[in-house]
Amino acid sequence: MDVIRQPGYDTNQRPFMIIWETTQACDLACKHCRAEAQPLHDPNALTTDEGKRLLEQVETFGKPRPLFIFTGGDPFKRADIFDLVRYCSDLGIPAGVSPSGTPLLTRDNLQRLHDAGAKAISLSIDGSSPKRHDEFRRVPRSFGWTTNGWKAAREIGLKVQINTTVSRYNLHDLPNIFKLVAEMGALTWSLFFLVPMGRAQAEDEITPGEYEAVMHFLYDVSKYISAKPTEGHHYKRIVLERTILEEKGLDPEKHVNFHPAYFVLQSDLQRVVQEIGMKKKETIKRTPMHINSGNGFVFVSVRGEVFPSGFLPISGGNVRNETLVDIYRNSQLFKELRDPSLYEGRCGVCEFVGVCGGSRSRAFALTGDPLAEEPFCNYQPCSFPFQEELGNHLAALHV
Ligand code: SF4
């Protein structure tokens with residue numbers, strides 16, 4: 001298996017994943033909400049017909065079809081969601097849905113999604129207990145609605161991805177959330193590294209050193225379950241570094257300057273895996289995918305603006321005036337984001353840039369420039385001691 005997975009086609013031409021913000025309406029009021037969700041549906045949102053025209057545009061990207069995710073807000077706040085999912089599936093486009101943990105997350109609604117052709121859902125769990133999760137989501141009982149929906153979805157035959165937004169509120173709860181994911185079962189566990197936009201504040205973020213600690217923890221976790229980061233692109237560097245150390249039979253503790261938070265997370269992970277009797281695999285179960293904002297990834301906002309990511313709110317155009325295909329392939333914004341030679345600061349001179357590139361969203365959120373260096377990666381280019389071995393891996397990946 002490749003250390004870093006690459007889509008088997010040119011991502012200048014076709015995205016791997018398209019996310020549509022069907023609505024900003026939601027009954028939760030989460031502390032970190034990217035969409036600044038509100039109770040009411042936007043009257044200027046793309047209509048049912050416009051949504052179907054968008055799906056027809058997606059079809060013209062060709063095969064293999066991109067994954068298409070219906071997100072929100074809460075997609076269940078749109079009465080036409082089942083119709084749209086059915087239309088998507090009938091076009092041969094694999095559909096996933098990201099509902100919120102509210103009373104709308106019922107077995108009946110999940111069954112209707114499945115019947116309409118959805119393959120998977122993603123649910124958010126931000127704390128290992130009702131108290132911790134509900135505090136973050138700011139609505140009592142959200143934990144129970146979410147875990148009940150999780151169980152029902154698996155029984156119905158929907159794949160379930162669990163998303164956890166990493167912030168200073170839950171840093172040390174991560175091993176307990178891992179335990180919940182491992183016990184309940186999930187297709188994958190995705191750690192969302194917070195980008196300060198919408199309701200999320202810069203002071204909610206963990207530090208760059210803690211990022212590094214969580215990414216090493218994520219690597220360890222990946223030897224037990226399928227796990228990945230979102231907006232944590234320098235995890236690809238961590239995976240390459242750890243892989244090379246393992247290939248050379250070297251103890252990472254002697255070659256990596258681990259942040260103290262890592263040792264706490266690692267020790268709690270060991271406790272948890274012993275409690276639930278899990279066995280570690282030799283290699284990680286899911287290697288990270290080489291895609292980034294605007295490069296394999298595209299987000300369509302509630303009003304049809306085409307962003308490189310949901311966390312990078314700069315528009316390359318609007319699907320009401322141009323096609324998604326044209327915006328993705330030809331807009332200056334998307335072309336620049338796909339050109340790492342334009343990246344600035346440490347990312348611009350980093351040997352990992354071809355597979356990593358940092359979070360363009362975080363660069364924009366903190367500096368106003370999407371091409372600036374990733375502000376929360378503390379790597380000094382060329383400081384990894386095994387450059388020859390790294391060069392061999394990068395050559396094999398053709399980057
Ligand atoms: S400096 Fe930039 S390209 Fe290099 S590892 Fe960090 S985020 Fe990635």
Side-chain angles (χ1 to χ4, degrees), residues 2-6 11 166 190-197 202 205-219 222 228-246 252 255-259 261-262 284 287-297 308-309 311-312 335-399:
D2 288 340
V3 180
I4 309 294
R5 280 178 302 138
Q6 316 227 39
T11 51
V166 179
S190 182
L191 295 189
F192 275 56
F193 290 88
L194 193 134
V195 175
M197 64 170 291
E205 283 205 270
I206 56 175
T207 66
E210 289 166 338
Y211 262 69
E212 202 84 0
V214 175
M215 288 182 183
H216 281 287
F217 164 78
L218 181 58
Y219 183 84
S222 292
K228 71 179 191 77
T230 295
E231 293 297 348
H233 294 280
H234 46 292
Y235 176 63
K236 289 168 245 181
R237 165 174 58 80
I238 303 280
V239 169
L240 277 162
E241 289 176 341
R242 294 283 296 268
T243 300
I244 291 169
L245 292 175
E246 284 172 10
H255 294 270
V256 178
N257 188 16
F258 286 120
H259 186 278
Y262 172 68
I284 61 175
T287 53
M289 176 74 84
H290 175 36
I291 55 174
N292 205 329
S293 301
N295 184 16
F297 195 90
S309 149
F311 299 95
L312 181 45
K335 282 167 115 170
E336 285 183 358
L337 286 166
R338 290 195 289 265
D339 183 356
S341 72
L342 299 176
Y343 296 175
E344 294 160 11
R346 283 172 298 120
C347 292
V349 293
C350 180
E351 67 274 32
F352 288 96
V353 73
V355 287
C356 169
S359 167
R360 301 294 97 219
S361 306
R362 191 170 296 101
F364 176 72
L366 295 179
T367 73
D369 178 1
L371 301 175
E373 75 177 16
E374 154 71 79
F376 274 57
C377 171
N378 57 12
Y379 182 69
Q380 291 304 324
C382 296
S383 62
F384 181 61
F386 303 106
Q387 290 287 317
E388 186 182 335
E389 293 82 348
L390 174 62
N392 293 338
H393 271 286
L394 295 175
L397 293 166
H398 305 292
V399 292

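When a ligand or atom number is given, it counts from 1 through the structure's own listing order.
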- Query: Quick check: does Cys377 put an N/O/S atom under 2.8 Å from atom 6 (Fe) of ligand 1?
  - Reply: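 A backbone or side-chain N, O or S atom of Cys377 is under 2.8 Å from atom 6 (Fe) of ligand 1.
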Going by the order shown, which atoms of ligand 1 are within less than 4.0 Å of some heavy atom of [X]?
X	answer
Arg237	5 (S)
Glu374	7 (S)
Gly358	7 (S), 8 (Fe)

- Protein residue, atom and distance nearest to atom 8 (Fe) of ligand 1, heavy-atom basis: Cys356 SG, 2.3 Å
- Note on the structure: Looking only at protein heavy atoms, what sits closest to atom 2 (Fe) of ligand 1 is Cys347 SG, 2.4 Å
- Query: Is any side-chain N of the basic residue among Glu231 and Arg360 closer than 4.0 Å to the acidic one's carboxylate O?
  - Reply: no
- Item | Basic-acidic side-chain contact under 4.0 Å: Arg362, Glu374 | yes
- Are any of the side-chain heavy atoms of Tyr235 and Ser222 separated by less than 4.5 Å? yes
- Message: Just so I know, are the side chains of Glu205 and Tyr211 near enough to count as touching, which here means a heavy-atom distance under 4.5 Å?
- Response: yes
- Item | Exercise: do His216 and Arg242 side chains pair donor with acceptor under 3.5 Å | yes
- Task: For a side chain to side chain donor-acceptor pair (under 3.5 Å) with Tyr379, tell me which candidate from Glu241, Arg237, Glu351 qualifies.
- Result: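 Result for side chain to side chain donor-acceptor pair (under 3.5 Å) with Tyr379: Glu351.
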- Message: Any N/O/S atom, side chain or main chain, of Cys350 closer to atom 4 (Fe) of ligand 1 than 2.8 Å?
- Response: yes
